[in-house]
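Note that these values count all heavy atoms, side chains included, but never hydrogens, waters or copies made by symmetry.
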Amino acid sequence: MSELTIDRLIRSRAAQDPAKPMVIDPHARLSYGELDRTTSVFASAFVAVGITKGTRVGLIMPNGVRWVQIALALTRIGAVLVPLSTLLAPRELVAQLRVAAVQMLVTVEEFRGHRYLDDLRSELTSPDDLPALRQIWPAGSLLDTAVEESAMGMVDAMADTVAPSDPMAIMFTSGSSGPPKGVVHSHGNALAAVGSGLAARCIDTDTRLYLPMPFFWVGGFGGGLLSALLAGATLVTEPVPEPVSTIRLLERERVTLFRGWPDQAEALARHAETADLSALRPGSLEALLPPELRSQPGARAKLFGMTEAFGPYCGYAADTDMPESAWGSCGKPFEGMDLRIVDPDTGEPVPPDTVGEIQIRGPHVMRGICRRSREEVFTPDGYYPTGDLGHLDADGFMFYHGRADDMFKVSGATVYPSEVEEALRTIDGVRNAFVTNVGGDRVAAAVVCDTKTAEQLHDKARALLSSFKVPSVWLVLDSDDAIPRGSTGKVDVPALRELLMQC
């Protein structure tokens, strides 16, 4: 586990390179020195209104410089940050505030049609609905808080009491089904997890990093904000990624590394014919790179992780081809992560090349889950059962096979949706594919493709898959916007199944 805390890291970066840009959005930019100064002022304002070490503070705000300042100011003084999705419906918002026992809530009043204070008022029937919540602040009003000299003086003293083992954040996640979980991470385990993957993600001090993930997800918070802070890099972000505005931002800020969602990179590439993206270097998503810098399909690792591991825990250098025997894999577990594959029924480890449930253990794994005992979360020997399926080959490369609760049987044979999806994505013209079962044992696929009919896709699939894996139900879409997703952005499998049952 890292010996760093957020406060120590900010001080170190500000001392080393105070003038270097730390974070840039379309309307503001902040150097490392300014980050140190402004988060100290923000922290003083938080102290003045009663926030102290251990206080759980929810934050609802789109990506931008201000999100960074508020979040890091809170964590510097040992408050526990609870990033909340800007996509939450009122009922979901109340549920997450309750699960995390949020005591203070900082929120923008409105974003993309959501009015969060109105949503809370409409959903709450009495103060007893959220007994821990003491106060709600519109984000802008915090800066109007009068800061007494005593509060200013307390910031350094409070920051000095924060240890790497202290909780830093509660990140919400959900699987393909079931309620969201509040995952608790400490300063030490989160920063160590981020650090273990920096080299594989090609992030160093010279990187100008863009990724589309919101900061309320671990992909944005860990993979973006904390990655830049830990590496001494520059983070470029925006509240609402759109192809035209994003391309202009990439050009203007000479972004060198584009990480994130492959489908967004592909959408951007369709609008980037005249754009100057020459600053992008290998390790970026390949749809935005010139053909001579791209690899063969499957040659580069598909970084793999989860909120419980504070991001990727398995990978390989993103600018380097893996050994050919490992093509299609997620690479190898990062240092600090123990990984084993077990039989889902018995819990016993299985031999190499055998599909089973992935279990992880180590100093980079979460500290726990809100309202669950350690015995409910971990095995007796300390492993976390992820619910993901995979296999390890003889060389230690990990191959992903989907979720344990997503696999299903067809005539007694096991179908892994991820395997079928991967095969369908190799068909010319297919941009994305989503697979599940309908009626118990029928394979169904929603495919994003504007060049082929369902019949043509079926014929192509027969040449790629065993007969029992070939979808018998097809939905052809011109965009994956119609694919139902939960508030954490993952595909809502039950809702997808309902959609496909209508075909």
Here the gap from L475 atom CG to L457 atom CG, rounded to the nearest 0.5 Å, amounts to 11.0 Å

Heavy-atom side-chain proximity of L117 to P138 below 4.5 angstrom | yes

Reference residue H401; test side chain to side chain donor-acceptor pair (under 3.5 Å); the match among E357, E422, H391 = H391

So, for D276 and E251, which heavy atoms are closest and what is the spacing to 0.1 Å?
-> N-OE2, 2.7 Å

Report yes or no: does R361 contribute a side-chain atom to a donor-acceptor pair with the main-chain N or O of R340 at less than 3.5 Å?
-> no

Residue set satisfying ring pair (Phe, Tyr, Trp, His ring centres under 6.0 Å) with F304, at least two apart, ordered chain then number -> Y313, Y400

Could you tell me the separation between the OG1 atom of T307 and the CD1 atom of I369, rounded to the nearest 0.5 Å?
-> 10.0 Å

Please confirm whether the backbone N or O of L87 pairs with a side-chain atom of S85, one donor and one acceptor, at under 3.5 Å?
-> yes

Can you tell me if D129 uses its side chain to pair, donor with acceptor, with the backbone of T125 under 3.5 Å?
-> yes

With distance as the sole criterion, is a donor-acceptor pair present between the side chains of R442 and N437 under 3.5 Å?
-> no

Is the count of non-hydrogen atoms from other residues, nucleotides or ligands lying under 6.0 Å from R112 atom CZ greater than 12?
-> no

Quick one: pull up CG in L97 and CG in L88 and give me the separation to the nearest 0.5 Å.
-> 8.5 Å

Taking T256 for its side chain and R208 for its backbone only, find out whether a donor-acceptor pair lies under 3.5 Å.
-> yes

Atom CZ of F334 and atom SG of C314: how far apart are they, to the nearest 0.5 Å?
-> 7.0 Å

Between the side chains of D118 and S122, is a donor N or O closer than 3.5 angstrom to an acceptor N or O?
-> no

Begin with the C-alpha distance, continue with both residues' side-chain angles, and end with the deciding distance and a verdict on ring-ring contact (aromatic ring centres under 6.0 Å, His included) for F397 and W327.
-> CA-CA 9 Å; F397 286 89; W327 285 16; over 10 Å; no

Verify the neighbour count for atom CD of E292: are there more than 12 heavy atoms of other residues, nucleotides or ligands below 6.0 Å?
-> yes

CZ of R294: more than 12 outside heavy atoms within 6.0 angstrom?
-> yes

Side-chain contact test, heavy atoms from C-beta onward, threshold under 4.5 Å: evaluate it for M213 versus T237 and give yes or no.
-> no

Keeping the roles fixed (side chain from R201, backbone from G223), state whether a donor-acceptor pair exists under 3.5 Å.
-> yes

Using a 4.5 Å cut-off on heavy atoms from C-beta on, say whether the side chain of R254 contacts that of S278.
-> yes

E286 and S295: side-chain donor and acceptor closer than 3.5 Å?
-> yes

Please check if atom CZ in R252 has more than 12 non-hydrogen atoms from other residues, nucleotides or ligands closer than 6.0 Å.
-> yes

Value rounded to 0.5 Å, distance of OG1 in T107 from CG in L120 = 7.5 Å

What's the verdict on side chain to side chain contact (heavy atoms under 4.5 Å, CB included) for F216 and L84, showing C-alpha distance, side-chain angles and the deciding distance?
-> CA-CA 6 Å; F216 54 73; L84 296 164; 5.9 Å; no

Tell me, with the steps shown, if F434 and V493 meet side chain to side chain contact (heavy atoms under 4.5 Å, CB included).
-> CA-CA 9 Å; F434 307 87; V493 175; over 6 Å; no

Between the side chains of T386 and E308, is a donor N or O closer than 3.5 angstrom to an acceptor N or O?
-> no

Any donor-acceptor pair under 3.5 Å linking the side chain of D480 with the backbone of I483?
-> no

Apply side chain to side chain contact (heavy atoms under 4.5 Å, CB included) to S196 and H364, showing your working.
-> CA-CA 9 Å; S196 71; H364 302 173; 3.6 Å; yes

Smallest separation among heavy atoms of I427 and A461, with atom names = CD1-N, 4.2 Å

Are any of the side-chain heavy atoms of Y210 and S284 separated by less than 4.5 Å?
-> no

Would you say the side-chain atoms of N63 pair up with the backbone N or O of F215, donor to acceptor, closer than 3.5 Å?
-> yes

Check the pair K469 / E419 against salt bridge (Lys or Arg N to Asp or Glu O under 4.0 Å), numbers first and verdict last.
-> CA-CA 9 Å; K469 300 176 185 176; E419 179 186 6; 2.8 Å; yes

Heavy-atom neighbours of D428 CG exceed 12 at 6.0 Å = no

Side-chain donor-acceptor contact under 3.5 Å, R281 with T207 = yes

Residues that D459 engages under salt bridge (charged side-chain N to carboxylate O under 4.0 Å, His left out), provided they are two or more places apart | none

Can you name the closest pair of heavy atoms from L500 and A444 and give their distance?
-> CD1-CB, 3.7 Å

Within-4.5 Å side-chain heavy-atom neighbours: T86 and Y116 | yes

Minimal non-hydrogen separation, R371 against E376, with atom names | O-OE1, 4.3 Å

Evaluate whether atom CD of E110 has more than 12 neighbouring non-hydrogen atoms of other residues, nucleotides or ligands under 6.0 angstrom away.
-> yes

Less than 4.5 Å apart, any side-chain heavy atom of P323 and any of Y316?
-> yes

Apply the test side chain to side chain contact (heavy atoms under 4.5 Å, CB included) to residues L339 and I358: give CA-CA distance (whole Å), side-chain angles for both, the deciding distance (0.1 Å), then the verdict.
-> CA-CA 7 Å; L339 185 153; I358 302 168; 3.9 Å; yes

Check whether any side-chain heavy atom of V94 sits under 4.5 Å from a side-chain heavy atom of D119, and report yes or no.
-> no

Taking every non-hydrogen atom, the tightest pair across A100 and V82 | CB-CG1, 4.1 Å

Between the CD1 atom in I341 and the CE atom in M398, the distance rounded to the nearest 0.5 Å is 6.5 Å

So, does D25 use its side chain to make a donor-acceptor pair with the main chain of V65 at under 3.5 Å?
-> yes

L268 vs F258 side-chain heavy atoms within contact, under 4.5 Å = yes

Polar side-chain atom of R374 near backbone of G368 as donor-acceptor pair, under 3.5 Å = no

Please check if the side chain of K332 supplies one atom and the backbone of D395 the other of a donor-acceptor pair under 3.5 Å.
-> yes

Correct closest heavy-atom pair for C503 and V473 would be CB-CG1, 3.9 Å

